[in-house]
Amino acid sequence: MDVDESSKRPLDRLERQAHAWLVRLTSGEATTADAERFRRWCARSPAHRQAFARARRQWQRVGDAANRIPAQPLQLTARDQRHRWSRRAFLGAAVAAPATLAVVAAVHPPLGLWPSVSALTSDFHTATGERLRIVPGAQLNIQLDTQTSLRRRSDRRGPAFELVQGQAAVQAGADVRLALYAGAGCIVVDEDGATLDVRNTNGKVRVACLAGNMRIEHPEGRLQLQAGQQARYDDRISGVVTRADPTDFSAWTEGMLVFRRAPLSEVVDEINRYRRGRVMLGRTASVDEPVSGRFRIDDPEAALEQLGQGLSLQLRRYPGGIAVIG
């Protein structure tokens, strides 16, 4: 079927419902009750499951088109800036779905099929399950985890970047003065060098100093961190400093996820970062169930199986990469 012709025809009732399920299940606000309702909806007939599969393919086509847009260069020219705005406008013109779905898709892309608007306007971006290493200068090495966006910024102190979202491991050598903006604060590495791991999700930032020393500059004050220390902040900074195990924090750079008695809900959230689709907790799963273990980043399906077997929970899979555990 021709893509252009299929996108112009009106959506039937089941397809509208399928698009609504895509938006709901990937909104970050879906509940266990939603998972159960989705299970029942899929079970009504093969037509329901096929409608969901068609909806997912439609979003996928737009995602494939967005991913074919060239990546932004490191140094932006005036012409590049005009190109950036054309990329930003892409989703608004390309999504062949109801207007409300197009808006939601631009802000919260379903199933991680394509970058969000903020990602499209970043200089570097990783998709679901992807990692990227960049070397923007001498003695400066940055590795981006899955679903991460990084943007260059101007700063009189030296190299400067903004971690728009996601997680980054940074190695700054001697003689490098780095400023890394994340959320409400800025992480500064002076010329003594440092190794750090920074994570920014929804404005909540966790900073771990794995070697050397660095400081957090926040509107509410400054906080110094040394090797083996971590701190968190959002719009406020408490000043609480806790221990950071370098082995655990660097595990993702080696392709592993490590959990030590972490709540089940936290483990599922982490797997969702590396897996296309959506994993949800069912009614028999306890969100606070402690989980310990090591999982391979490049095989999230095996991680799900291992999780279900270890906790004696049923794992059910549905179209579109949706899975319910428990």
Interatomic spacing from [atom1] in [X] to [atom2] in [Y] - rounded to 0.5 Å:
{"X": "Glu254", "Y": "Thr247", "atom1": "CD", "atom2": "OG1", "answer": "8.5 Å"}
{"X": "Leu180", "Y": "Leu196", "atom1": "CG", "atom2": "CG", "answer": "7.0 Å"}
{"X": "Gln229", "Y": "Asn213", "atom1": "CD", "atom2": "CG", "answer": "10.0 Å"}
{"X": "Leu281", "Y": "Ile325", "atom1": "CG", "atom2": "CD1", "answer": "7.0 Å"}
{"X": "Leu257", "Y": "Asp248", "atom1": "CG", "atom2": "CG", "answer": "11.0 Å"}
{"X": "Glu266", "Y": "Arg261", "atom1": "CD", "atom2": "CZ", "answer": "13.0 Å"}

Quick check: does any side chain N or O of [X] sit under 3.5 Å from a backbone N or O of [Y], one acting as donor and the other as acceptor?
{"X": "Asp123", "Y": "Arg152", "result": "yes"}
{"X": "Gln314", "Y": "Gly326", "result": "no"}
{"X": "Asn200", "Y": "Val164", "result": "yes"}
{"X": "Arg49", "Y": "Cys42", "result": "yes"}
{"X": "Arg275", "Y": "Gly321", "result": "yes"}
{"X": "Arg294", "Y": "Ala251", "result": "no"}

For the side-chain contact (heavy atoms from CB on, under 4.5 Å) test, which of Val205, Leu223, Ile187, Ile237 pairs with His218?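 Single side-chain contact (heavy atoms from CB on, under 4.5 Å) partner of His218 among Val205, Leu223, Ile187, Ile237: Ile237.
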Flag yes if more than 12 heavy atoms outside Asp299 fall under 6.0 Å of its CG atom; otherwise flag no.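 Check passes, neighbour count above 12.
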Shortest non-hydrogen separation from [X] to [Y] and the atoms involved:
{"X": "Gly166", "Y": "Thr148", "value": "CA-OG1, 3.4 Å"}
{"X": "Val279", "Y": "Val268", "value": "O-CG1, 3.6 Å"}
{"X": "Ala160", "Y": "Tyr181", "value": "CB-CE1, 4.4 Å"}
{"X": "Thr146", "Y": "Thr126", "value": "C-OG1, 3.4 Å"}
{"X": "Leu163", "Y": "Val198", "value": "CD2-O, 3.6 Å"}

Give a yes-or-no answer on whether the side chains of Gln143 and Arg133 include a donor-acceptor pair shorter than 3.5 Å. yes
Which of these, Trp41, Tyr318, Trp21, sits in a ring-ring contact (aromatic ring centres under 6.0 Å, His included) with His48?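 The ring-ring contact (aromatic ring centres under 6.0 Å, His included) with His48 is passed solely by Trp41 among Trp41, Tyr318, Trp21.
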Note, Phe161 side chain near Val170 side chain (heavy atom, < 4.5 Å):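 No, their side chains stay 4.5 Å or more apart.
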Taking the side chain as every heavy atom from C-beta outward, state whether Lys204 and Arg232 have any pair of such atoms under 4.5 Å apart. no
Carboxylate-amine/guanidinium contact Glu305 Arg317, below 4.0 Å: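 A salt bridge is present here (some side-chain N lies under 4.0 Å from a carboxylate O).
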Considering only NZ, NE, NH1 and NH2 on the basic side and carboxylate oxygens on the acidic side, decide whether Asp190 and Arg177 come within less than 4.0 Å. yes
Residue that, paired with Gln147, satisfies side chain to side chain donor-acceptor pair (under 3.5 Å) out of Thr128, Asn272, Thr201: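 For Gln147, the side chain to side chain donor-acceptor pair (under 3.5 Å) test succeeds with only one of Thr128, Asn272, Thr201, which is Thr128.
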Does the ring centre of Phe52 sit less than 6.0 Å away from the ring centre of Phe38?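 Between Phe38 and Phe52, the centre distance is under 6.0 Å.
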